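This structure is a prediction, so every number in the text was calculated from the model and none was measured. Note on naming: letters A, B, ... go to the chains in the order of the sequence lines (proteins, then strands), and numbering restarts at 1 for each one.
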Amino acid sequence: MDFSTMNAAEQAHMTKIIEKKQMQDFLRMYSNLVERCFNSCCNDFTSKALSSKEEQCVLNCTDKFLKHSERVGARFAEQNADAMGAGSK
Amino acid sequence: MDFSTMNAAEQAHMTKIIEKKQMQDFLRMYSNLVERCFNSCCNDFTSKALSSKEEQCVLNCTDKFLKHSERVGARFAEQNADAMGAGSK
Amino acid sequence: MDFSTMNAAEQAHMTKIIEKKQMQDFLRMYSNLVERCFNSCCNDFTSKALSSKEEQCVLNCTDKFLKHSERVGARFAEQNADAMGAGSK
Amino acid sequence: MSFLGRGNTPAGGVNPERVEMALQELDMITDVFNKLVTSCHTKCISARYAEGDLNKGESVCIDRCVSKFFEVNKKVGEKLQTMGAGAAGAGATQSAFGQM
Amino acid sequence: MSFLGRGNTPAGGVNPERVEMALQELDMITDVFNKLVTSCHTKCISARYAEGDLNKGESVCIDRCVSKFFEVNKKVGEKLQTMGAGAAGAGATQSAFGQM
Amino acid sequence: MSFLGRGNTPAGGVNPERVEMALQELDMITDVFNKLVTSCHTKCISARYAEGDLNKGESVCIDRCVSKFFEVNKKVGEKLQTMGAGAAGAGATQSAFGQM
């Protein structure tokens with residue numbers, strides 16, 4: 001995304017809104033992660049406590065999801081940069 | 001959630017917004033319920049009319065979903081109260 | 001939906017908001033379409049390039065989805081018109 | 001689906017409450033329509049995508065699917081009214097704000 | 001779930017920042033609640049719908065399901081704090097605005 | 001993805017239309033990114049969660065998945081332009097407001 005055509009007041013306004021969106025993105029990512037790891041790891045409801053096996057699965061699931069998101073984000077940024085270099089200039 | 005740190009004007013403002021959100025929550029719950037019960041109960045498209053078996057399924061599905069939500073809501077409120085008692089005091 | 005009870009200023013205001021929503025609807029439809037056709041058509045990740053078979057699948061998927069949406073939209077409008085004729089008069 | 005009430009009208013300006021209600025109704029209709037498209041796609045469209053046109057079977061299925069979906073919408077609405085379930089919907093909002 | 005900070009209070013009026021934060025927290029709670037309802041419905045409720053009441057097995061399953069979901073919520077939260085992953089969340093926003 | 005036009009700029013203040021457009025573009029990018037993350041997770045990540053690190057196969061799969069997803073994004077965009085399908089998108093909005 002290219003903001004060079006925006007004036008300083010507009011850029012400042014955008015920055016503030018983007019900070020708010022990043023907080024919302026983070027919260028949504030958090031709840032998606034809980035949902036995803038719960039659904040994948042918890043299948044036994046004969047007990048209300050998390051078993052040690054389930055707990056380990058949740059920790060690995062969280063860990064792996066974040067690493068996955070980071071890798072996707074890195075590739076996404078590269079592809080986006082390529083697409084914009086080709087498209088807008 | 002704890003609103004005791006809010007002043008009266010802020011609490012009144014929140015109450016109004018919350019009422020609006022409750023309406024939106026209700027409408028979304030309604031459309032989710034239609035989607036869920038349709039997907040579970042309707043699998044025969046040799047006719048365009050709902051069969052009596054499908055209709056009964058939809059009524060049970062609605063009934064059971066609301067009872068499910070109520071029970072989840074009751075447990076959710078208990079757990080939230082516990083978590084806040086432990087966390088914020 | 002019936003706007004005859006609205007005054008001219010309100011109708012003009014609604015029209016502007018609806019135009020904005022149509023743009024958002026279109027963008028969401030676009031990303032849903034990409035997600036749907038990618039998930040249905042791409043299952044081989046031994047290569048990073050789209051195969052000609054996958055490409056054809058994506059084109060057919062897009063084509064068919066739009067025709068599907070149009071047909072659903074036409075039936076939806078008919079049913080809605082029926083429901084409002086029966087309900088509000 | 002015109003079940004949202006309407007406020008009083010002022011003479012010339014925009015009544016924000018009435019516009020708000022119309023927008024809420026519009027969002028509701030859009031939401032239902034999107035769910036209808038997705039549900040009937042799952043029920044009627046083969047995921048093989050051998051061709052781009054709807055075949056006869058798919059077209060007939062779509063028509064019946066929309067019709068049944070509306071019937072289900074009606075049944076669910078009636079059932080909710082019988083149960084007076086307006087309250088049950090906003091579970092989290094109520095759970096979280098019970099003390100206000 | 002009260003992990004959002006609070007701004008300073010003015011005397012009588014509405015502090016928009018504080019209202020904003022409370023609304024963000026409310027949206028978060030609603031989102032979690034809706035996911036909880038869906039997950040436990042998938043885990044505990046049979047899709048046959050032979051009757052409208054929850055049976056004994058379903059009721060017990062729901063109670064345990066909510067309890068486990070909260071434990072998972074806690075574990076994921078702790079893990080995110082350990083990893084200092086606040087940054088990782090807003091992937092697209094950062095990818096798209098890295099140059100600002 | 002920079003397909004949204006831009007309005008004229010005033011001298012010093014904030015042009016709400018231009019900010020609005022930038023926000024719409026940002027929401028679009030965030031939406032696409034989230035779908036990309038979910039799709040590639042489904043395609044590439046085993047749900048067994050025996051370890052927390054990405055293994056070699058998963059890493060390679062992710063790279064190819066993102067690449068293919070962008071190609072699909074491009075093909076769908078081209079197809080939509082060919083079909084002039086801008087109108088078809090807002091089905092419900094149009095169906096509901098056809099009479100205005």
*Indicate whether any N or O donor in one side chain lies under 3.5 Å from an N or O acceptor in the other, for Lys35(D) and Ser31(B).*
yes
*Winner by heavy-atom pair count (cut-off under 4.5 Å) against chain B, out of Thr42(D), Thr38(D), Val72(D)*: Val72(D)
*asked:* Quiz question: by atom type and distance under 3.5 Å, do the side chains of Asn60(B) and Gln56(B) form a donor-acceptor pair?
replied: yes
_Glu78(D), part contacting chain B, at a heavy-atom distance under 4.5 Å_ = neither
*What are the two closest heavy atoms between Leu66(B) and Met83(D), and how far apart are they?*
CD1-SD, 3.5 Å
_Aromatic Phe45(B) / basic Lys43(D) pairing, under 6.0 angstrom, 45° off normal_ = no
*For Glu54(B), is it the side chain, the backbone, both or neither that has a heavy atom under 4.5 Å from a heavy atom of chain D?*
side chain
*Could you tell me which of Gly77(D), Cys65(D), Cys61(D) has the largest number of non-hydrogen atom pairs under 4.5 Å with chain B?*
Cys65(D)
